[in-house]
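This report concerns only the one structure given below.
Predicted model only: the values in this text are computed from it and were never measured. Along the sequence shown, the residues carry numbers beginning at 1.
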Amino acid sequence: MTEVLLYVLGLVLFALGLLVSIAWHELGHLSTAKLFGIRVPQYMVGFGPTIWSRKRGETEYGIKAIPAGGYIRMIGMFPPGDDGKIEARSTSPWRSMIEDAREASFEELRPGDEKRLFYTRKPWKRVIVMFAGPFMNLVLAVALFFGSMMTLGIEGPTTTVAGVQKCVLKQNEKREACRGDDPVSPAHAAGLREGDRILALDGHPVADWDTLSERIRATIGRATLTVERDGQRVDLHPTLVVNKVEKKDEDGNVVRPVQYVSAGYLGFQPKSEVAPLSFAETTERMTGLLENGVHSVIALPGKIPGLWDATFGDGERAEDSPVGVVGAARITGELMTVEAPPTTILVMFMNLLVMFNVSLFLFNMLPLLPLDGGHIAGALWESVRRHTARIFRRPDPGPFDVAKLMPAAYVVAGVFVCFTLLVLAADIVNPVKIT
């Protein structure tokens, strides 16, 4: 019963984190739009039927039933057509998309709004308004990450021995029990004990686990292992052997999917401890998180076949498979039931919110309508056209009509909807699990 309650608590916490992230994103758009005098009739978190709303000044603030996004409505998102009209009037389906979008952007137009339209603002102001939303997600991600890493820290291996393996176990065999023909592990043969803190290997000091692991892997044969035991320095002389171990990247992280390489082997389990990171360490990790996020977005199309096979075939769900809102909620629920220190669970939960906000930032920066990046690209293109015309003393071409790209925007939106449904199905049928 307790486990079920913890799981539900995880779902509730994720839902709250999701709503805060969306509201924070839309607040970026709202605040900058009002700063530049654009009228904003609506600020909504969620889609579908309105659960609650209240009007303050000229803006209606509300929460809708489906927490899958949010929006603000700004008057005059698109300029009038070439003939100066805004009403839908074409029988062509493609043209109707353009004119319907244009007409919707002028809904609730009131006398005096002529100078408060979005498209009448200078391109740089429009860029700021559209960039402010994703930027708020980036700010939230950085604040959460630095706050959790520099105060709570992360659990990681240390140079203290938690246990000694009695035999040599190949990691690719994925077994824990020794067999009669397994050779004795170098650590056990040399007399390494639980609680020993390793200070040096062959005279080279090892202050952290990454350094120790790297030196162990690079050492084969007889070596001198200096440990601290009961306050005394003790030298042990293990003979390290070649073994199959998990491959690591240049940053010391295990490569995914898991690969195995031959390297030096000692045979012990390091003790894990939670320790705060320095500002430099946190900055390095945050930079790596953003780089991995960019690579993940670029690699997203290539993951669709595997996602399809994992959902409708007999394929396994990859660890780095795309995860949607439902999948992330399930992971948060599982996280709350894991047997781990509360601080570790809190850090992992905050990291989930960090990754979600980083994803919102990167995804919305794609230069495709109807995403924020598409509107930013339109404003930048307008600026280029107008500056070019000014340089060559040509007539001002006027605002760039982003509404003409709405047919393409509907196609992009359709692709995103299909991808979202595929991820949703995968999260239900073959979810990613942390346990």
**Asked** Going through the checks in order, is the side-chain contact (heavy atoms from CB on, under 4.5 Å) test met by Phe14 and Val325?
**Response** CA-CA 9 Å; Phe14 177 78; Val325 172; 3.8 Å; yes
**Prompt:** For His387, which residues count as a side chain to side chain donor-acceptor pair (under 3.5 Å) partner, sequence neighbours excluded?
**Reply:** Ser383
**Message:** Please find the pair of heavy atoms, one from Pro367 and one from Ala377, that lie closest to each other, and give the distance.
**Reply:** CB-CB, 4.2 Å
**Asked** Which pair of non-hydrogen atoms, one from Gly324 and one from Val423, has the smallest distance, and what is that distance?
**Response** N-CG1, 3.1 Å
**Complete:** Result for side chain to side chain contact (heavy atoms under 4.5 Å, CB included) between Val129 and one of Leu35, Ile72, Thr32, Asp372 points to Thr32
**Complete:** With sequence neighbours left out, the residues meeting ring pair (Phe, Tyr, Trp, His ring centres under 6.0 Å) with Tyr260 are none
**Request:** Any chance you could lay out the ring pair (Phe, Tyr, Trp, His ring centres under 6.0 Å) test for Tyr71 and Tyr43, step after step, and finish with the verdict?
**Result:** CA-CA 6 Å; Tyr71 65 92; Tyr43 168 94; 9.1 Å; no
**Arg121: partners by side chain to side chain donor-acceptor pair (under 3.5 Å), with sequence neighbours left out** = none
**side chain to side chain donor-acceptor pair (under 3.5 Å) involving Arg317 - partner list, sequence neighbours excluded** = Ser321, Asp427
**Message:** Distance check, rounded to the nearest 0.5 Å: Phe145 atom CZ versus Leu290 atom CG?
**Reply:** 9.0 Å
**Prompt:** Could you state the interatomic distance from CG (Asn364) to OG (Ser359), rounded to the nearest 0.5 Å?
**Reply:** 10.5 Å
**Message:** Any donor-acceptor pair under 3.5 Å linking the side-chain atoms of Thr158 with those of Glu273?
**Reply:** no
**Item:** Ser53 vs Met44, side-chain contact (heavy atoms from CB on, under 4.5 Å): CA-CA, chis, key distance, verdict
**Value:** CA-CA 8 Å; Ser53 71; Met44 290 289 170; 4.3 Å; yes
**Prompt:** Tell me, which pairs form a ring-ring contact (aromatic ring centres under 6.0 Å, His included) where one or both residues lie in residues 321-364, sequence neighbours left out?
**Reply:** Phe363-Phe416
**Item:** For Arg197, all residues meeting salt bridge (Lys or Arg N to Asp or Glu O under 4.0 Å), sequence neighbours excluded
**Value:** Glu228
**Request:** For the pair Trp308 and Phe312, name the ring-plane relationship: parallel under 30°, tilted 30 to 60°, perpendicular over 60°.
**Result:** tilted
**Asked** Any side-chain heavy atom of Ile198 within less than 4.5 Å of one from Phe268?
**Response** yes
**Request:** Applying side chain to side chain donor-acceptor pair (under 3.5 Å), name anything that partners Lys125, two or more places apart in sequence or on another chain.
**Result:** none
**Backbone N/O of Val358 and side chain of Asn137: donor-acceptor pair under 3.5 Å** = no
**Message:** Any heavy-atom pair between the side chains of Val274 and Val347 that's under 4.5 Å?
**Reply:** no
**Item:** Value rounded to 0.5 Å, distance of OG1 in Thr2 from CG in Leu9
**Value:** 12.0 Å
**Prompt:** Under the salt bridge (Lys or Arg N to Asp or Glu O under 4.0 Å) test, which residues partner Arg116, sequence neighbours left out?
**Reply:** Glu58
**Asked** Is the Phe279 to Phe146 ring centre distance short of 6.0 Å?
**Response** yes
**Request:** Examine distances only and state if a side-chain atom of Asp208 and a backbone atom of Thr211 form a donor-acceptor pair shorter than 3.5 Å.
**Result:** yes
**Prompt:** Is the backbone N or O of Gly398 less than 3.5 Å from a side-chain atom of Arg385, with the two atoms forming a donor-acceptor pair by type?
**Reply:** yes
**Message:** A quick test of your reading: do over 12 heavy atoms of other residues, nucleotides or ligands sit less than 6.0 Å from NZ of Lys271?
**Reply:** no
**Item:** Test salt bridge (Lys or Arg N to Asp or Glu O under 4.0 Å) applied to Glu382 - qualifying residues, sequence neighbours left out
**Value:** Arg126, Arg386
**Check: Pro41 and Arg73 side chains under 4.5 Å, non-hydrogen atoms** = yes
**Message:** Quick one, Tyr119 and Met77 - any side-chain contact, counting heavy atoms below 4.5 Å?
**Reply:** no
**Prompt:** With side chains defined as the heavy atoms from C-beta onward, is the minimum distance between Ile75 and Ile38 less than 4.5 Å?
**Reply:** no
**Asked** Would His25 and Asn357 count as having a side-chain donor-acceptor pair, cut-off 3.5 Å?
**Response** no
**Request:** State, with a plain yes or no, whether a side-chain heavy atom of Glu291 is found less than 4.5 Å away from one of Met286.
**Result:** no
**Any residue meeting salt bridge (Lys or Arg N to Asp or Glu O under 4.0 Å) with Lys244, in chain and number order, not counting sequence neighbours** = none
**Prompt:** Checking Asp196 side chain against Arg193 main chain: does a donor-acceptor pair fall under 3.5 Å?
**Reply:** yes
**Complete:** Rounding to 0.5 Å, atoms OG (Ser262) and CZ (Arg217) come to a distance of 11.0 Å
**Message:** Using only atom types and a distance under 3.5 Å, with no angle test, would you say the side chain of Thr59 pairs donor to acceptor with the backbone of Arg56?
**Reply:** no
**Item:** Note, Glu26 side chain near Val45 side chain (heavy atom, < 4.5 Å)
**Value:** no
**Asked** Between the side chains of Asp210 and Ser213, is a donor N or O closer than 3.5 angstrom to an acceptor N or O?
**Response** no
**Asked** Can you tell if the side chain of Pro342 reaches within under 4.5 Å of the side chain of Ile345, non-hydrogen atoms only?
**Response** no
**Request:** Kindly compute the distance separating CH2 (Trp24) from CG (Leu27), expressed to the nearest 0.5 Å.
**Result:** 6.0 Å
**Item:** Side-chain donor or acceptor of Ser185 paired with backbone N/O of Val168 under 3.5 Å
**Value:** no
**Listed partners of Cys178 passing disulfide (SG to SG under 2.5 Å), at least two apart** = Cys167
**Donor-acceptor pair between Ser296 and Lys303 side chains, under 3.5 angstrom** = no
**Prompt:** If only atom types and distance count, is the side chain of Asn243 paired as donor or acceptor with the main-chain N or O of Leu169 below 3.5 Å?
**Reply:** yes
**Complete:** Taken to the nearest 0.5 Å, the spacing of Leu346 CG from Thr151 OG1 works out to 8.5 Å
**Request:** Output every pair passing salt bridge (charged side-chain N to carboxylate O under 4.0 Å, His left out) with a member in residues 62-72, not counting sequence neighbours, ordered by first then second residue.
**Result:** none
